[in-house]
Amino acid sequence: MNEHLISIILFTPLAGLLVLFFIPSSKKTLIKTWANISSLAGFLISLLLLRTFDKNYGGFQFVERFDWIPSLGIHYYVGIDGISLLMVLLTTLIGFVAILSSWEAIDDRPKTYYAMLLLQQTGMIGVFVSLDFMLFYVFWELVLVPMYFLIGVWGGPRRLYAAIKFFLYTLAGSVLMLLGILTLYFQHAEKFGYYTFDTSLLMRLDMPLHLQQWVFWAFFIGFAIKVPMFPFHTWLPDAHVEAPTAGSVILAAVLLKMGTYGFIRFSLPLLPKASMDQTIVQIIAVLSIIGIIYGALVSLVQQDWKKLVAYSSVSHLGFCTLGIFAMNPNGISGSIIQQINHGISTGMLFLVVGVIYERRHTRLISEYGGLAHVMPNYAKVFAFAMLSSAGMPLLNGFVGEFTILQGAFEANRWWAAFAVTGIIFGAAYLLWLYQRTMLGQVCNSKNLGLKDLSLREWAVFAPLIVWAIWIGVYPKPYFDILEKPVAQLVERVRPGYYAGPQEARR
Amino acid sequence: MWLDATFFYVFALMTLAGAVMTVTRNSAVHSAIWLIVSLLGVAGLYLLQRAEFLFAVQIVLYIGGIMVLFLFVIMLVNLDMAAKEKQFNGQAWVALACVAVVGLELGYFWMKGPGAFKLAQPSLPKAMVMGGNTERVGDVLFSTYLLPFEIASVLLLVAVVGSVVMAKKRI
Amino acid sequence: MNFLDSIWLIPLFPLFGALAMLLIGRFLDPQAPSEVAVSPDLAGETRHHGHHHSGPMKFLVSLLCPGMVLVSFLFSLGAVAQLAGKAEKIHEVVQFTWLAGMPFHMANGVIARFTADWGFLLDPLSSVMILVVTGVGFLIHVYSTGYMAHDGGYYRFFGYLNLFVFFMLMLVLANNYALLFVGWEGVGLCSYLLIGFYFHKKSAGDAGKKAFVVNRIGDAGFILGMLLMFATLGSVRFLSVNESLSRLSPEATFGTLSAMALLLFIGATGKSAQFPLYVWLPDAMEGPTPVSALIHAATMVTAGVYMVARSNALFKLAPETSMIVAVVGAFTAIFAASIALVQNDIKRVLAYSTVSQLGYMFVALGVGAYWVAVFHLFTHAFFKALLFLGSGSVIHAMSGEQDMRSMGALKDKIPTTFRTMFIASLAIAGIPGLAGFFSKDEILWQAWSAPGGSKTIYAIGLITALMTAFYMWRLMFMTFYGKPRMDHHTAAHIHESPAAMTIPLSVLAVLSIAGGWIGVPKLWSLFGDGFRTFELWLEPVFASEAAHVVEEAHSGTGTEWLLMGLSVGIAICGILLARYMYLSRPETADRVQAASGPLYKTLLNKWYVDEIYDFLFINGMSKGGGRVMARFDSLVVDGGVNGAGWLTRFSSTVTMWWDTWIVDGTVRGSSFLVKLASYPVRIVQTGQLQLYALAFVVGIIAAFGYFVTR
Amino acid sequence: MNPASAYTSVDHFVLLPAILLAMFGCAVLLCDIWVFPAPKQRKWLLLFVVLGQAFTGYALWQQHDHLGLSAFGGSLVIDGFSLFFNWIFLAASLIVSVVSYEYLEIEGEHHGEYYGLILLAQCGMFFLASGTDLITLFVGLELMALCFYVMVGFLRGQKRSNEAAMKYLLLGAFSSGFLAYGFSVLYGIAGSTKLSVIAEQISMRPLWDPMVFLALATTGVGLLFKISAAPFHMWAPDAYEGAPTTVTAYLAVASKAASFAFLLRMFLGPFGTLRTAWEPMLIAVAILSLTVGNLAAISQTNIKRLLAYSSVSHAGYILLGLIAGNDTGIKGVAVYILVYTFMNLGAFLVVVALRRKNIIGEDIDDLAGLMQKSPGYAVLMLIFLLSLAGIPPTAGFIGKYYIFLSLVQTGHYVLAVIATLYVAVAIYYYFRMVRSMFAAESAETAPLASSFGLRLALGVTGALTLGIGLYPEPFLRLAQTSLGKW
Amino acid sequence: MVPVTTIHYLALSVALLLIGTIGVLTRRNIVVILMSIELILNAVNINLIAFGRQWENMAGQIFAIFVITVAVAEAAVGLGILIALFRNKETVQADQIDLLKW
């Protein structure tokens with residue numbers, strides 16, 4: 001059980017998918033039920049990881065390693081450390097939530113729809129657990145396809161444009177990334193005489209700086225497009241706006257994290273010199289800060305509810321990347337926590353949009369107003385999501401942002417100074433959105449008869465709410481889980497960081 | 001010696017003139033006739049090169065066979081209206097230019113290394129010590145080149161079947 | 001029982017109340033606000049229209065929520081009593097580690113971890129605060145049961161109110177800046193919720209948002225200050241901060257400390273509505289009056305004062321920052337007071353007066369008289385809360401009318417309200433014997449005498465005092481005296497408020513009188529130390545003050561008497577002037593207005609501050625011209641965020657433009673180009689087989705040519 | 001007479017597959033006339049074909065143990081190379097003939113000759129794969145070509161088919177004229193038609209010898225024409241579009257593979273020493289093919305034509321492998337050809353399925369709504385298209401991967417980047433199809449053609465396309481053994 | 001007068017090749033195009049024979065025989081297709097068959 005736990009988690013959705021194939025398309029309820037069951041099962045199984053996960057051990061756990069294509073040095077090599085553990089849990093939970101959320105929303109070709117969701121689930125988990133670079137790449141690409149369809153088939157009016165844009169953007173990036181990977185691959189072959197994609201082996205070769213920079217930029221493009229960082233972000237709003245609710249939830253909550261995760265798992269440890277290269281760090285930090293402010297500003301003028309949330313993720317992800325390239329324990333761990341938080345809160349925000357979209361089939365903010373009168377519970381949930389996203393203390397958002405700010409402050413005080421403005425704007429656009437949609441009078445008669453949250457929708461929100469509060473009030477366990485892996489990472493990038501006089505007092 | 005040369009030039013002239021005519025005549029029939037001329041010239045060259053068997057083949061198979069086939073087709077698809085239309089397509093001049101360029105390039109090749117092309121002096125006929133040309137051809141054809149010979153048979157079969165399939169109204 | 005170790009319970013009671021309300025409240029108080037909010041013509045105050053029958057369940061609500069606050073008040077009393085009994089007046093309780101950061105390289109290269117406990121600190125300062133918060137809070141809760149009785153969302157109101165008390169207690173009880181920040185943000189949130197309580201009113205929503213966002217600007221400063229503090233001192237826990245500050249040689253980290261202090265002060269200006277971030281407070285009056293009383297007079301707005309007082313050790317080491325604090329405070333005081341002179345909305349007068357009183361407190365902080373600041377905070381909590389509640393009662397009686405010009409001659413109709421407000425006005429005006437006198441006069445004296453102080457600041461303070469007396473009594477005369485100016489319909493309605501409202505008024509009135517007597521000036525030596533409890537009580541917190549007190553003893557007592565007299569005189573002048581202009585010779589008021597036309601208008605329009613923003617928004621833009629601008633203009637008219645709003649709008653519009661046209665454009669463009677490129681390639685394929693053959697030949701030419709040109 | 005004349009058992013053993021193919025070909029033709037003339041009985045002809053392939057397969061299997069055997073005085077050999085390709089031919093023609101049955105019925109041009117021609121064409125391919133003598137190769141090539149001329153024009157009633165056949169024939173003959181000219185020059189150089197002799201003769205001459213170069217250029221051009229590499233590709237789109245879809249599939253897969261076998265024989269054999277001379281030419285051709293193929297495909301509306309252009313670009317990719325020329329590269333070529341065979345066949349088979357009574361079903365719009373109509377086909381098509389685009393975990397990725405690998409190994413970074421960029425372009429047009437399959441609504445609701453043969457074929461191709469992608473190890477070994485020797 | 005060497009033959013064959021090419025490229029009449037192709041193949045044959053004479057082995061002649069065979073076969077099939085085409089399109093002009101393009 002335990003030694004194959006990762007594989008089990010990885011392939012549970014796939015198994016569900018296989019069974020799904022044998023359910024006739026006509027039995028829609030059965031299909032939905034089954035999809036929900038299998039995703040829930042996936043989540044529950046992933047919880048088993050916590051039982052035996054040893055947070056005092058920095059290396060990878062639950063490791064499985066078999067030859068896959070030996071002649072190319074490709075292995076089926078999976079395992080998790082604290083970082084991937086959190087990511088996997090996030091993925092499984094969000095996957096379940098997303099599937100549950102689309103019970104009523106999707107009635108057109110549900111079989112294919114859920115098949116896509118499950119396939120995507122496997123892909124995403126795969127990205128987070130694979131330690132072989134080619135395996136990683138395969139999963140990375142695998143994720144694209146279902147998302148392409150989710151957007152392109154079940155999406156909004158401009159879905160095709162959005163889908164193709166999403167696909168081309170990310171694909172272009174990942175192809176460049178592949179070149180980078182291959183470079184490492186060859187370097188390793190030159191140095192050690194045999195080809196391998198095993199990251200733990202690739203770790204051994206320290207390439208000259210210029211080469212590292214080259215590879216770093218190749219990776220950077222791939223990851224930055226996924227994140228998305230500032231100049232590469234324009235696929236995001238379109239994709240989000242056009243995607244079905246579940247699609248945007250997964251996109252925001254998990255897919256974007258693949259990019260940041262890529263930075264943490266591959267760019268930094270594999271290319272330590274380049275990662276510490278000042279020009280690179282400066283550029284990325286500046287891009288991140290631009291992203292933070294820019295995303296917030298643009299959200300401020302959005303007329304489309306979903307687009308606003310989409311741009312807000314640009315801003316939030318800016319925090320994450322900034323934290324990573326602060327290159328110190330606080331920055332990195334904060335970034336990881338913030339990724340989880342963003343998954344939770346932005347996921348909730350998109351679900352909130354989805355709930356109203358199901359009822360009214362429009363996302364224009366101007367269409368709404370005074371919903372708090374009609375749907376008080378809905379308003380409460382939205383308020384909660386908004387606050388957690390705006391970084392209200394005692395909710396998850398604050399913990400992440402604050403830790404990142406620590407990191408940024410340590411690295412360069414001005415970064416922190418600029419990043420903080422993001423918090424201000426964050427409050428601004430979210431509150432304004434809230435005011436325009438929830439507060440005021442119900443001036444649109446269409447909104448009068450709207451039903452409040454149904455039990456299922458409560459079930460969708462509940463786990464996220466609980467999680468948000470937990471992280472906000474008692475984040476220590478998460479930091480404990482991250483302590484060791486982050487320490488290793490920092491030690492690799494900045495050897496001797498941990499040496500030096502310790503401050504005793506609290 | 002000079003006789004050889006004279007014959008060569010005569011046949012060469014035949015060949016080229018025939019070829020040019022073939023390409024330039026309006027009516028397909030005339031082209032066919034001129035083609036025959038050109039082919040005869042080639043046949044003559046075979047003779048000069050001591051390839052009597054090929055000479056025979058050329059006369060019989062080409063001029064006998066193919067030309068009949070051509071003329072046959074020409075009759076079948078009546079070409080008189082085709083003969084009235086203009087004979088050269090729009091790209092004729094471009095094409096000529098291109099071919100000229102090819103010619104020039106080949107000429108350059110020649111300039112480049114005439115040595116490369118002259119392999120050995122034309123050796124005098126070895127007084128046909130070992131039987132006539134035809135025998136030798138037959139010999140080699142059925143021993144060393146048996147395989148291509150067999151393939152050729154299949155090839156011809158395909159040609160037959162193919163032309164039938166294509167030309168016959170209903171199979 | 002041991003209250004000291006269970007201080008962590010104190011915030012939890014209100015929290016419990018709040019959760020109860022927000023989760024199951026709707027079932028206790030089944031009232032769907034929707035029907036009041038749908039139709040625009042009911043846009044006004046719903047209080048009079050919300051046809052709402054109170055039930056037993058509702059009674060439960062009005063029992064539970066004030067009860068919770070009462071409980072924590074009693075707990076606080078107990079705790080404070082026990083603290084008083086202790087030898088060293090400080091007690092810390094730590095629940096668990098809340099924020100546990102990773103290793104961090106401090107400025108001096110030492111590695112520290114940012115740890116913030118879920119821990120509580122009870123010392124004289126925080127004990128004063130919790131008593132004020134819970135005590136006044138409780139009274140206002142009681143008052144609200146009467147005031148909000150007919151409102152929709154009764155349970156919601158009390159839920160928010162309790163939540164506020166919870167966060168406020170977190171703020172004052174926290175043992176480190178991070179946890180303080182929790183309360184800090186929390187109260188901001190609650191004020192947002194409560195200001196926007198009548199959320200069907202657009203203005204309410206705007207005001208709430210404005211409050212929150214402006215506060216956020218301050219908070220940004222606060223966060224940075226906190227980070228800087230951690231980076232230099234390696235901790236954000238009050239005790240260790242003070243301790244390491246004492247270890248620190250000021251010269252060593254000179255600039256850093258003042259920067260730190262300044263950043264924290266920026267936070268304070270946001271929360272305590274100091275210039276230039278005061279703009280949100282007047283608008284905040286959109287909230288129900290009890291809210292204005294509790295949050296925007298008594299407690300929340302004083303959080304900034306508390307925080308600065310809390311960081312006194314730091315501010316002492318940063319003299320120039322303290323100077324800035326004093327100046328800002330003084331300026332705010334007179335600036336706000338001047339606006340208050342001419343306002344006609346009763347609540348706005350009080351709002352601006354609050355701003356100016358806060359200014360006083362910051363003056364005190366700036367000159368280094370921390371205990372005085374806290375003292376004024378203490379007294380101000382009483383009389384300003386009283387004033388607000390009183391005005392609430394007036395508005396209640398006037399069935400929602402807030403404009404003083406249509407009031408008058410109410411003193412017989414609503415006697416209790418009148419008497420209590422009378423006392424409060426005397427107190428704020430600084431008539432000797434009432435709470436306000438002691439604190440304010442002490443501030444003025446400190447401004448004069450303290451090393452950090454200066455004569456100018458004193459002068460400003462004095463003028464402000466005059467203005468204060470004037471506008472307060474202008475309010476009184478316009479409201480309660482003269483002849484009635486309201487229409488008959490309202491006139492018929494006027495009635496004294498229910499006991500639930502009047503009793504708190506009376507209690508607060510008593511406090512406004514008695515509150516001051518625990519801090520009489522050192523000058524009145526005949527009273528003995530018993531009457532200077534407040535200063536002595538706070539001594540351990542602002543320990544180093546002792547030195548200054550000593551040194552201040554030998555500056556002439558004569559002067560102090562003189563100044564005291566002067567300020568009293570000033571106060572009385574103000575009152576008389578008001579009486580003259582608004583009671584005995586009402587027409588003079590108009591003449592004065594006419595005489596000082598532009599000045600008057602300027603004041604009436606609050607120095608055009610909001611107009612300046614508007615100018616930046618609209619005129620500037622429309623003059624700036626251009627479609628982008630026009631679009632953005634409309635956005636602004638929609639009511640954007642204030643402050644750097646126009647910049648925000650501008651840049652965001654530009655970025656949007658950049659986004660859609662440049663970045664996105666390149667993407668589309670490239671795909672378009674690719675499509676375009678496909679046509680020339682296709683066009684070659686004309687279907688002319690001889691063209692194909694030609695291409696073939698061209699290929700050959702190329703191949704040969706490659707050889708030729710080689 | 002001289003010993004060469006004896007037709008030895010070795011000769012027989014080596015030649016056996018070809019003999020079987022020819023025999024069964026003739027048998028089919030004869031039976032069509034005399035034994036099973038009735039339309040009902042044509043299924044027996046199909047049986048004959050399968051039987052023939054079975055025997056051929058057996059013969060090939062026998063040959064696996066005798067690698068390196070050569071016959072007819074070294075004009076025919078058995079090596080991994082020839083066997084590898086022969087298996088591909090066998091698979092291709094088997095699948096095609098199985099599928100053709102129903103298709104031809106629908107087209108209304110169901111004649112026994114068709115099957116005969118398929119077998120004889122395969123016979124020609126056999127010689128291309130295993131011949132090592134100019135004459136053998138030339139005649140074999142023509143044999144294959146003739147069969148294809150006829151098959152392309154097989155729908156005699158349709159203008160498009162005639163036109164395609166006519167164009168293909170004229171251009172084919174024209175190019176083979178040049179090819180023959182090149183051969184004659186080669187003969188002139190070596191005085192023999194044996195590749196081995198030619199190779200050594202060439203290696204004795206100076207590198208830039210004009211005569212050698214003349215031979216190289218003309219031969220190369222002729223061969224590039226056959227593999228439809230730009231700028232000699234222009235026949236391909238027209239022929240592909242006009243031909244019966246099954247034939248298009250056969251043409252795109254088998255004929256191309258055979259031509260590549262021929263090309264490799266020449267460029268790695270006799271011309272092997274001239275790499276410096278031909279590498280730049282091939283680079284140019286490859287880039288041009290990528291450009292033309294991918295760009296032209298973008299705005300196509302006819303699936304067959306689109307696939308034709310894409311096949312041009314695929315030729316470009318394969319050439320890149322040859323250009324890289326190291327072990328990985330050659331291996332890559334083999335893998336790519338293998339993969340290409342199955343994925344391309346699969347794609348065309350779906351198009352075959354789209355052809356129904358009075359529905360042409362060659363337009364991209366005819367794919368519209370395939371997802372609702374018959375998800376099975378849609379998913380399969382998706383797999384094939386993903387593979388053609390080269391997205392993991394499909395077979396196409398492995399192929400492209402090897403090519404890129406070899407390019408980077410040999411330092412052709414620019415080529416690598418170009419190729420990569422064109423992958424993105426390719427994605428664009430492949431996904432136009434995917435999009436219409438999954439997103440658009442279907443115009444007509446007639447069910448797709450699905451004979452048992454078709455479903456079987458699709459199953460096999462689909463399984464292989466996915467299987468090679470997921471677990472390529474055995475196939476990589478196969479490629480290793482086949483082309484490893486170079 | 002100069003002795004006739006192989007080079008003369010090569011030159012001749014090149015000339016013939018070019019003429020044939022011109023025919024293929026320029027003539028509209030498909031029948032003539034086919035004839036031009038025959039010319040090209042003859043050029044090849046001339047080469048082969050010349051070289052064969054040069055090397056004094058039979059391979060050249062044999063090759064020539066096969067080239068002729070191929071030429072015949074191609075001509076036959078080509079004409080067959082031409083007939084089929086003519087049946088449907090009533091034309092033998094090369095530039096009139098352009099259904100398939102772009």
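In what follows, chains carry the letters A, B, and so on, assigned in the order in which the sequence lines appear, proteins first and then strands, with residues in each chain numbered from 1.
- Checked by atom type, the side-chain pair S299(D)/Y429(D) shows no donor-acceptor distance below 3.5 Å.
- Looking only at heavy-atom pairs under 4.5 Å with chain E, the residue among S184(D), G182(D), G177(D) that has the most is S184(D).
- Heavy atoms of other residues, nucleotides or ligands lying less than 6.0 angstrom from NZ of K159(D) number 12 at most.
- Put simply, CG on N45(E) and CD on Q61(E) are 11.0 Å apart, with the number rounded to the nearest 0.5 Å.
- With respect to chain E, the highest number of heavy-atom pairs below 4.5 Å among M234(D), M166(D), R160(D) belongs to M166(D).
- Of the atoms belonging to L169(D), it is side-chain heavy atoms, and not backbone ones, that fall under 4.5 Å from chain E.
- Of the listed residues I62(E), I40(E), I97(E), T69(E), the one with more heavy-atom pairs under 4.5 angstrom with chain D than any other is I97(E).
- L82(E) touches chain D through backbone and side chain together, each having a heavy atom under 4.5 Å away.
- Of all heavy-atom pairs between M151(D) and A121(D), the closest is CE-CB, 4.3 Å.
- Taken from CZ in R305(D) to CG in D363(D), the straight-line distance is 12.0 Å, to the nearest 0.5 Å.
- For chain D, the nearby parts of T21(E) are the backbone and the side chain; heavy atoms of each come within less than 4.5 Å.
- The most heavy-atom pairs under 4.5 Å with chain E, out of N302(D), L170(D), V139(D), L143(D), come from L170(D).
- Of the two parts of A190(D), only the backbone, made up of N, CA, C and O, holds a non-hydrogen atom closer than 4.5 Å to a non-hydrogen atom of chain E.
- Looking at Q158(D) and E163(D), their side chains never bring a donor and an acceptor atom within 3.5 Å of each other.
- Ranked by heavy-atom pairs under 4.5 Å with chain D, the first of R87(E), K89(E), K101(E) is K101(E).
- Remark: F262(D) CZ to L179(D) CG distance equals 5.5 Å, nearest 0.5 Å.
- Using the six-membered ring where Trp is involved, Y187(D) and F51(E) have ring planes that are perpendicular, over 60° apart on the 30 and 60° scheme.
- If you tally non-hydrogen atom pairs under 4.5 Å between each of V67(E), L34(E), N57(E) and chain D, the highest count goes to N57(E).
- Within the 4.5 angstrom heavy-atom criterion, only side-chain atoms of E142(D), from C-beta onward, approach chain E.
- Chain D forms the most heavy-atom pairs under 4.5 Å with one residue out of G80(E), G60(E), A75(E), A73(E), and that residue is G60(E).
- Only the side chain of I37(E) comes within less than 4.5 Å of a heavy atom in chain D; its backbone stays farther off.
- For V70(E), the part lying near chain D is the side chain, with the backbone staying farther off; criterion is any non-hydrogen pair under 4.5 Å.
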TODO: Report the C-alpha distance between R28(E) and I33(E) in whole Å, list the side-chain angles of each, state the deciding distance to 0.1 Å, and finish with yes or no for side chain to side chain contact (heavy atoms under 4.5 Å, CB included).
DONE: CA-CA 8 Å; R28(E) 297 177 67 221; I33(E) 294 177; over 6 Å; no
